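Chain letters run A, B, ... following the sequence lines, proteins first and then strands; every chain starts at 1. Since this is a predicted model, take the numbers as computed values, not measurements.
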Amino acid sequence: MSVQHASIIRVDHGGLDVGAVGEGVPMTRVQLSRLPGERVLITGGGVEDQLDLAALPAYVRAREDDPAVAPRWVWDDTARWYPPLLAAGVRVARCHDLRLCRRVLRRAPAVDGRLLDGDESAHWDRLGPAAAPAHPTLFAADETSEHLRADLEDARQLAAVAASTEATRLGLLLAAESAGALAAAEMTYAGVPWRTELHERLLTDLLGPRPLRDALPPVLDELVAEVRRTFGAPGLNPESRTDLLDALGRAGVDVPDIRASTLRQVDHPAIEPLLRYKKLAHLFQTNGWTWLDEWVSGDRFRPSYQPAGSSTGRWSSNGGGALSFPVQVRSAAVADEGWVLVVADVAQLEPRVLAGMSRDSALARAAQGADLYQGMVADGAVATRQDAKLGLLGAMYGATSGESGRMVAGLTRRYPAAFALVDEAARAGERGQVVRTLLGRGSPSLGGSWDEEPDGPPSDLQALDRRRRAYGRFTRNFVVQGTGAEWALCWIADLRNRLWRLGGTGAIDRRPHLVLFLHDEVVVHAPAALADDVAAELEQAAAGAGRLVFRDFAVDFPLSISVVSSYGDAGKDKRKAGT
DNA sequence: TTTATGGGCGCC
DNA sequence: AGGGCGCCCATAAA
C-alpha cells in the first residue's frame, strides 16, 4: 500500500499530476492572461473575469487557502507571475507553465506537432524566459508575449498530450517541469541564508583587504610581481596566454596550453606562484566582493535559476552562478539562529537512473545500498571500486580509449541491458536521429548542414564524421542525464509540497523550505526542531520519485543527509539514510 | 566602443 | 575523439 504514492499522483485531464494536496478533489484549471492596462483575464474553473493586477494576490490566496478548490494555475511563464505573488505572501500549490511545457511538447517525438499550431502559436514558439526578478530588463517586454490567450494555448497542449501515445509519461513530465518552475521561483524568493561578514573574512584572509576600484587585492598584486620577477618579464600579464607562452618559451619550456594541470608538470620557479595566482584570481573575480555586492542582500544569496535551461532538461543558473559556486565559499551559507541546513544528495544518481530506465536487474541489484560502485565489486563484476566508476562513467560519456574505454568492454557482459541502452542511443545519434528520455523529452536535432551534399574535400568528410560521433556521444549522455533530471524534478516537486505540509505558519520562508538545488543535491532551511522530520520527508520524496519515474521497476535512491549549521560542514557529518 | 569566440576553470 | 552548464578573461573583429 503506497500511501505516499497515491497522495502525489492524481488524474488531471488525462495526465498525471504531481503535487495534489489531497485525494478525490476535483481539479480545476484557471488560466491567466495579461490584458493591456495592467489587467488580468481569468478564465476556466467556472469563472471568467477581469481583474486588476494589484488584486490578483488576494484572488489567488482565497483559492489556495482552501484545498478543496485549490486549482492549477495556467500561465505563460512562472517567472513572470509567481515572484509578485510570493512577494505578496501567496504560495501556489500547482501550476502549468505554458512556455516550458510548449518547449517540451515541441521537441517530444511522441507528440504530433500540428496539434500545437493555431492562433498565436508562432508567438508562443518565440517566447523566451521572463527576466530574472532581481535584474529586470530595462526594456519593456515584447508586446507580442504580453497579451497571449492562455486558455487557447492550454487547450492545444492538453489535446496534444491526450493524442500522444505517451500521454501518461508526458503528463508527468509537464507536471514535474511546472512544479520545478514553482520551486525555482520560491528558492530565488527565499534565498540562501548568507553571512556576508564570514564571506568577507574569508576573502580578506586569502587576498588581503578589499582593493579600491579596479585595483588588485594586495596578495594578488604581490603574486603578479613575483611571477614577473621570476620570469624576468616586467610587463607580463598572467591572464594572457601569449604572455605566458612567450615567457615559458624564453625559459626553454614548451607547453601546448596553460592549463593548471599542464603547468603542474613543468619544473620552473615561476609555476608555483602562477598557479597560486590563478586560483586566487578566480576566487576574486568570480566570488569576491563584487559578487557579494551584486548577489547578496539582506543576508540572503538570491541566484536566478532557469528551469530546463539545458537541452537535457537540467536547470541552468543565469545569475549568481548558483549551480557552480565553489566549495571554497560555501562556509558562508549559514542557517539562521535556531534553524539548520538539511543537505541531501543522491549518491551515483545517473548510474541508478540508467539501471531503472534500462530495467537492468543486475545493475539494479548492485544499486541496492549506499554505494553502487561497491555493489558492482561485491557482484564480482569488477575488481575495484575505481574500475566500476571508470567503466560506468565511460559508458555514459562515450569513452573509447584509455582505462575507462577498456573497462566498458568487460562490464557490457555483466550489465547487458544498461549498456545496450546507452549504445543504442549513441548509434541513433550517429545516424542523425533524435533520442528521448524515459518521460519523453526529445533531444535537439543535429540540424543545419547534416544533410548537405558530401561533395567537399576529404577534410570535410572527416569533419562531418567527427561531428556525427560527437552528436552520438551527446545523445548517449542525453538519455541518462535527461532522465536523471526528470527524477530530480519529481523529487523536488514532491518535496516542496511535503515541506509545506510539515507545518509552520505564514510565508514560505517562515517554514521549512528549499533554498538550493544542484542537479542531484538539495539544501533545505528549516527550524532545528524539524530537522529529523525534514530528513524523513527528503527520503520519502526520493523513494516516491523512483516510483513515479520507473513505476514497478524498483531502484534504490539512497540519500546522504547532513544536518548542519554551515553548508561548508555538509558531508563531514553524514548520516546513514533512514536513521 | 561593442560583440563574438575560445581558453580556462568552477560546479554537476 | 569524455556529457551538460555559467562566468571570467583576453583577443580579434566589427
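Put simply, OH on Y305(A) is 12 Å from C1' on dC11(B), counting in whole angstrom units. Here the C1' atom of nucleotide dC9(C) and the NZ atom of K278(A) are 11 Å apart, to the nearest Å. As a whole-Å value, the separation of H282(A) NE2 from dC7(C) P is 11 Å. Spacing between atom CG of L245(A) and atom C1' of dA10(C) amounts to 13 Å, rounded to whole angstrom units. The nearest whole Å value for the distance from the CG atom in D520(A) to the P atom in dG4(C) is 17 Å. One can place CZ of R467(A) at 19 Å from P of dG2(C), the figure rounded to the nearest angstrom. With rounding to whole Å, R466(A) atom CZ is found 13 Å from dG2(C) atom P. Remark: C1' of dC12(B) and CG of N477(A) are 11 Å apart, rounded to the nearest angstrom.
In the set dC5(C), dC9(B), dC11(B), the nucleotide with an atom closest to the side chain of S311(A) is dC5(C). Listed nucleotides: dA10(C), dG10(B), dC5(C). Nearest to the side chain of S316(A): dC5(C). The side chain of R473(A) sits closest to dG2(C) out of dC12(B), dG2(C), dG10(B). For E239(A), taking side-chain heavy atoms from C-beta onward, the closest of the listed nucleotides dC9(C), dC9(B), dC11(B) is dC9(C). Checked against dC11(B), dG2(C), dA10(C), the side chain of L393(A) finds its nearest nucleotide in dG2(C). The side chain of S310(A) lies closest to dC5(C) when the candidates are dC5(C), dG10(B), dC12(B).
Between the side chain of R314(A) and the base of dC12(B) there is at least one donor-acceptor pair of N/O atoms closer than 3.5 Å.
If you check every strand for non-hydrogen atoms under 4.0 Å, R241(A) touches sugar and phosphate atoms only. Using a 4.0 Å heavy-atom cutoff across all strands shown, I258(A) reaches sugar-phosphate atoms only and no base atom. Within the 4.0 angstrom heavy-atom criterion, no nucleotide atom of any strand lies near N287(A). Within the 4.0 angstrom heavy-atom criterion, base atoms lie near Q481(A). Note on A260(A): only backbone sugar-phosphate atoms sit closer than 4.0 angstrom, heavy atoms only; bases stay farther off. At a threshold of 4.0 angstrom between heavy atoms, the contacts of V327(A) are confined to the sugar-phosphate backbone, with no base atom among them. Counting any heavy atom pair closer than 4.0 Å across all strands shown, G394(A) reaches no nucleic acid atom.
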message = I'd like to know whether D293(A) forms a salt bridge (Lys or Arg N to Asp or Glu O under 4.0 Å) with R210(A), so could you lay out the CA-CA distance, the side-chain angles of the two residues, the decisive distance to 0.1 Å, and finally the verdict.
response = CA-CA 12 Å; D293(A) 288 345; R210(A) 177 175 192 168; 2.7 Å; yes
request  = Could you go through the salt bridge (Lys or Arg N to Asp or Glu O under 4.0 Å) check for R314(A) and E350(A) one step at a time?
outcome  = CA-CA 13 Å; R314(A) 272 190 177 185; E350(A) 287 175 2; 3.3 Å; yes
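In this structure, the aromatic ring of Y397(A) is positioned over the six-membered ring of the base of dG3(C), centres within 5.5 Å and planes within 30°.
Side-chain N/O atoms of T286(A) include none lying less than 4.0 angstrom from OP1 or OP2 on dG6(C). The phosphate of dT11(C) (OP1 or OP2) has a side-chain N or O of T242(A) nearer than 4.0 angstrom.
The pairing partner recorded for dG2(C) is none, the criterion being a Watson-Crick or G-U wobble arrangement whose two distances lie under 3.5 angstrom.
In summary, E177(A) and R103(A) do not engage in a salt bridge, as defined by a charged side-chain N under 4.0 Å from a carboxylate O. Here R102(A) pairs with D125(A) in a salt bridge; the nearest charged N to carboxylate O distance falls below 4.0 Å.
Separation of the F301(A) and W291(A) ring centroids falls under the 6.0 Å cut-off.
The number of heavy atoms from other shown groups lying within 6.0 Å of CG (D205(A)) is above 12.
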